[in-house]
Amino acid sequence: MYIMKRTKIIDLLRGELVGQQVLVKGWVRTRRGNKAVSFVALNDGSIIHNLQIVLDLAKFSPEELTLITTGASLSVVGTLVASQGQGQTVELQAERVEVLGAADPTTYPLQKKGHSLEFLREIAHLRPRTNTFGAIYRMRHHMAMAIHSFFHERGFFYVHTPLITASDAEGAGQMFQVTTLDLENLPRTEEGAVDYKEDFFARPTSLTVSGQLEGEMAAMALGAIYTFGPTFRAENSNTPRHLAEFWMIEPEVAFLEIEENMDLAEDFIKYCVQWALDHCMEDLTFLSEHYDKELIERLRFVLAQPFKRMTYTEGIEILEAAVAAGHKFEFPIYWGADMASEHERYLVEEHFQRPVIVTDYPKEIKSFYMKLNEDGKTVRGMDVLFPKIGEIIGGSEREADYDKLLQRAQEVGVPEKDIWWYLDSRRYGTAPHSGFGLGFERLLLFVTGMANIRDVIPFPRTPRSAEF
Ligand code: ATP
Ligand code: MN
């Protein structure tokens with residue numbers, strides 16, 4: 001028997017197969033028509049557009065036809081023809097239809113168009129079948145490809161850093177503990193404390209908040225590396241920009257100082273944005289029409305502008321001047337304060353009207369591993385701030401001097417016994433080096449124009465929410 005090969009809808013819509021018999025499989029988005037003929041919009045995920053299937057009702061059994069409802073999956077053999085109707089260039093005149101899986105119309109939740117994003121979050125297992133989430137899933141894929149491509153082209157090596165870590169050097173108090181101890185019946189030491197000697201790793205462990213420290217070890221051998229993996233933060237911040245589980249890209253480069261680190265960050269984001277424009281135009285057009293009219297214009301604008309570079313101190317001066325001129329912020333702003341998202345967005349959206357890279361932050365609000373400036377007060381950190389998002393990248397030139405690094409670790413209370421191996425990289429063949437972390441979902445917020453980070457990851461993890 002001759003078995004026909006399935007053709008994807010993305011290939012059928014190119015129109016080159018008009019006149020041929022083809023096999024197509026997908027899910028019914030809508031069905032409309034009259035007593036004689038039905039028009040089924042079929043989608044197979046390969047592209048946002050549907051293929052119109054024309055069913056001459058006289059040719060099919062009524063039992064089969066009743067199963068062709070929204071959500072059902074079909075296998076259809078037919079002839080591809082130029083379409084007479086409006087809205088599509090080709091359509092499929094069905095000859096054989098098989099319902100692979102029916103979708104009971106009395107319970108299938110995606111009946112009508114225009115469900116709210118809030119409702120769709122409650123059915124995260126089915127929302128990939130909407131145009132919106134199909135577009136977002138495809139764009140996630142394309143952005144991941146862009147990232148690997150960018151670094152690969154530049155000779156960076158992809159390094160896999162561990163997800164389970166014994167150091168809480170980065171985020172004391174905001175980590176998810178990993179344990180196999182029986183929480184109902186904890187082993188105790190003689191002093192009454194939890195006896196971690198009994199735990200799986202014979203010590204307390206957590207899910208990582210960053211692959212940077214291990215990434216640095218690789219950079220000090222391979223020269224230029226990047227990580228791209230999940231990270232976990234138990235911070236209880238229920239904002240549209242924070243997830244408890246998110247993906248981070250962390251390049252780390254030996255012999256790179258802060259200026260070049262900024263160049264790298266700017267080139268990197270621009271490359272990703274350009275990639276979206278080059279590879280995702282159909283999805284971008286849909287998202288722009290439905291969620292964010294200025295999306296494509298904003299992407300082009302970011303590409304055209306050099307990012308504004310300034311110090312934290314200059315930023316604070318601008319923000320203080322704004323307050324003096326009557327601008328109201330929710331949180332107080334003064335030299336020494338951590339900028340909140342509202343401050344970052346003011347600099348980007350109102351003051352400079354383009355992306356901003358802020359450097360030289362007070363050491364007190366940044367991590368111990370950032371290189372101390374000559375002033376003894378500020379460190380060579382850099383945050384890249386973006387419209388609608390605020391911080392999209394956080395990075396720094398790292399402290400390469402053993403004594404200074406150890407001193408900063410002690411000042412902020414990171415125990416030497418936890419980072420002895422990290423300190424070793426400054427004892428043996430230390431060199432200037434820099435890196436940064438890009439939140440993958442923050443990048444996706446920017447390129448998709450979505451407003452809530454829960455809508456750019458397939459199955460979001462946020463406080464009190466891990467259903468799917
Ligand atoms: P924020 O101030 O926005 O909470 P952060 O300063 O804690 O971020 P970093 O530790 O610098 O973040 O992490 C590097 C990047 O990871 C950030 O620039 C951001 O893009 C992303 N990121 C950080 N926390 C989260 C989170 N909870 N959910 C999603 N992305 C995050
Ligand atoms: Mn940061």
Side-chain angles (χ1 to χ4, degrees), residues 140 143 147 161 165 168-176 207-213 215 226-252 261-262 264-266 268-269 272 307 312 315 331 337-345 347-348 355-370 379-398 412 434-448 450-463 465-466:
R140 255 189 98 93
M143 286 300 97
I147 287 159
T161 48
T165 173
D168 66 350
E170 282 240 35
Q174 344 176 356
M175 301 179 90
F176 289 99
L207 293 176
T208 188
V209 296
S210 158
Q212 179 199 318
L213 302 191
Y226 68 106
T227 71
F228 185 174
T231 48
F232 307 87
R233 296 191 186 180
E235 56 196 346
N236 207 346
S237 37
N238 233 323
T239 80
R241 292 176 315 281
H242 289 89
L243 291 163
E245 176 181 291
F246 64 99
W247 289 66
M248 187 140 68
I249 299 95
E250 296 180 276
E252 193 69 37
N261 199 31
M262 286 191 264
L264 180 69
E266 182 166 344
F268 174 46
I269 298 202
C272 293
F307 296 0
Y312 168 89
F331 297 101
D338 209 353
M339 287 185 199
S341 170
E342 55 173 346
H343 304 122
E344 296 171 342
R345 291 183 60 178
L347 292 173
V348 172
V356 174
I357 309 183
V358 180
T359 55
D360 304 294
Y361 285 83
K363 64 179 178 190
E364 289 78 15
I365 59 172
K366 290 292 182 190
S367 303
F368 75 96
Y369 50 70
M370 295 193 184
V379 289
R380 287 197 195 167
M382 55 165 232
D383 282 5
V384 180
L385 313 180
F386 253 48
K388 295 193 75 175
I389 289 161
E391 181 186 330
I392 192 165
I393 280 181
S396 65
E397 180 172 344
R398 318 307 188 188
V412 302
S434 302
F436 58 81
L438 167 78
F440 188 48
E441 286 75 19
R442 300 249 175 116
L443 173 68
L444 277 157
L445 279 177
F446 184 70
V447 295
T448 62
M450 302 304 286
N452 193 314
I453 201 161
R454 292 166 180 77
D455 296 330
V456 295
I457 188 164
F459 298 99
R461 267 80 182 101
T462 52
S465 163

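Order of appearance sets the numbers: ligands from 1, and atoms from 1 within every ligand. Please read these numbers as outputs of a predicted model, since none were measured by experiment.
Heavy-atom separations between I453 and ligand 1 include at least one value shorter than 4.0 Å. Within the 4.0 Å heavy-atom cutoff, E441 does not count among the residues contacting ligand 1.
For the pairing with E441, the side chain to side chain donor-acceptor pair (under 3.5 Å) check across R241, R140, R454, H242 returns one residue only, R140.
The side chain of R442, and not its backbone, has at least one atom closer than 4.0 Å to an atom of ligand 1 (non-hydrogen atoms only; side chain from C-beta on). Of the heavy atoms in V209, none comes closer than 4.0 Å to ligand 1.
Counting heavy atoms from C-beta outward, P240 and I453 have side chains that stay 4.5 Å or more apart. A 4.5 Å side-chain heavy-atom check between D383 and Y312 finds every atom pair outside the cut-off. Inter-residue side-chain proximity for F436 and F268 is flagged as met; some heavy-atom pair is nearer than 4.5 Å.
Here the closest heavy-atom approach between residue P355 and residue F386 is recorded as CB-CE1, 3.6 Å. The heavy-atom pair separating F331 from A340 by the smallest distance is CD1-CB, 3.8 Å. Heavy-atom minimum distance, G215 versus T161: N-CG2, 3.8 Å.
Under the 3.5 Å distance criterion, with hydrogens and angles disregarded, no donor-acceptor pair is assigned to the side chains of R233 and T231.
Counting the atoms of ligand 1 from 1 in the order shown, those under 4.0 Å from a heavy atom of G394 are 11 (O), 18 (O). Atoms of ligand 1 found under 4.0 Å from any heavy atom of M248 (numbered from 1 in listed order, with element): 13 (O), 14 (C), 15 (C), 16 (O). Near I393, with a cut-off below 4.0 Å to any heavy atom, the atoms of ligand 1 are 18 (O). Every atom of ligand 1 with a heavy atom of G439 under 4.0 Å away is listed here by number and element: 15 (C), 16 (O), 20 (O), 21 (C). If you number the atoms of ligand 1 from 1 as listed, the ones under 4.0 Å from a heavy atom of R241 come out as 28 (N), 29 (C).
Here the Mn ion (ligand 2) has protein N, O or S atoms under 2.8 Å from it, and they come to 1.
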Practice item. Apply side chain to side chain donor-acceptor pair (under 3.5 Å) to S210 and E250, showing your working. Key: CA-CA 8 Å; S210 158; E250 296 180 276; 2.8 Å; yes
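Expressed to the nearest 0.5 Å, how far CD of E344 lies from CG of D338 amounts to 8.0 Å.
Taking only non-hydrogen atoms, the option from E391, R461, Q174 nearest to atom 17 (C) of ligand 1 is E391.
Checked against ring-ring contact (aromatic ring centres under 6.0 Å, His included), Y226 has the following partners two or more places apart in sequence or in another chain: H148, F151, Y158.
Residue I392 places at least one N or O, backbone or side chain, under 3.5 Å from an N or O of ligand 1.
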